[in-house]
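I have placed the structure first, in the form of structure tokens, so that the comments after it can refer back to it.
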Amino acid sequence: MQATADGTWDERERSALVLDRAPIPVKITGSFFCATSVTTATITARYAVTDTTDPTRRVTVGAG
């Protein structure tokens, strides 16, 4: 299963992709005690992004 999530680009401290309570689809399988009726979940994460050729340089993103 593939999913997409909306996030924001943060350049304040270090360049990062930020997901803040982004909804994603889920499929739960299991026994009687599993909540199989749940079809969405949320994810919160911060992914630091670094320029591997020059780690001191900030990574910027712009509209193309």
Side-chain angles (χ1 to χ4, degrees):
M1 177 188 298
Q2 287 186 334
T4 60
D6 290 329
T8 58
W9 187 253
D10 184 0
E11 295 179 17
R12 286 178 288 175
E13 296 173 26
R14 299 186 65 185
S15 301
L17 173 62
V18 179
L19 303 173
D20 185 21
R21 295 183 301 270
I24 57 171
V26 296
K27 180 180 180 183
I28 299 174
T29 59
S31 66
F32 176 75
F33 297 104
C34 294
T36 56
S37 64
V38 174
T39 58
T40 59
T42 59
I43 183 170
T44 297
R46 180 180 182 85
Y47 296 97
V49 179
T50 305
D51 181 339
T52 58
T53 59
D54 184 358
T56 62
R57 187 175 179 168
R58 295 184 100 158
V59 177
T60 60
V61 175

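Note that the structure is a prediction, hence the values are computed from the model and not measured.
If you take CG on D6 and CG on L19, they are separated by 9.0 Å, rounding to the nearest 0.5 Å. For the atom pair CG of D20 and CG of D10, the computed distance is 11.0 Å after rounding to the nearest 0.5 Å.
The minimum heavy-atom distance linking R57 with D51 is given by the pair CD-OD2, 3.8 Å. Minimum heavy-atom separation, T50 to R14: OG1-NH2, 3.6 Å.
A side-chain contact (heavy atoms from CB on, under 4.5 Å) with V26 holds for exactly one of T40, V38, T39, T42; it is V38.
Remark: side-chain polar atoms of T36 are not paired, donor with acceptor, to backbone N or O of I28 under 3.5 angstrom.
Y47 is connected to W9 through a chain of hydrophobic side-chain contacts under 4.5 Å among Ile, Leu, Val, Met, Phe, Trp and Tyr, so both are in one cluster. L17 and I24 fall within the same hydrophobic cluster, where Ile, Leu, Val, Met, Phe, Trp and Tyr residues are linked whenever their side-chain heavy atoms come under 4.5 Å apart, directly or through other members.
A 6.0 Å sphere centred on CZ of R46 holds more than 12 heavy atoms belonging to other residues, nucleotides or ligands.
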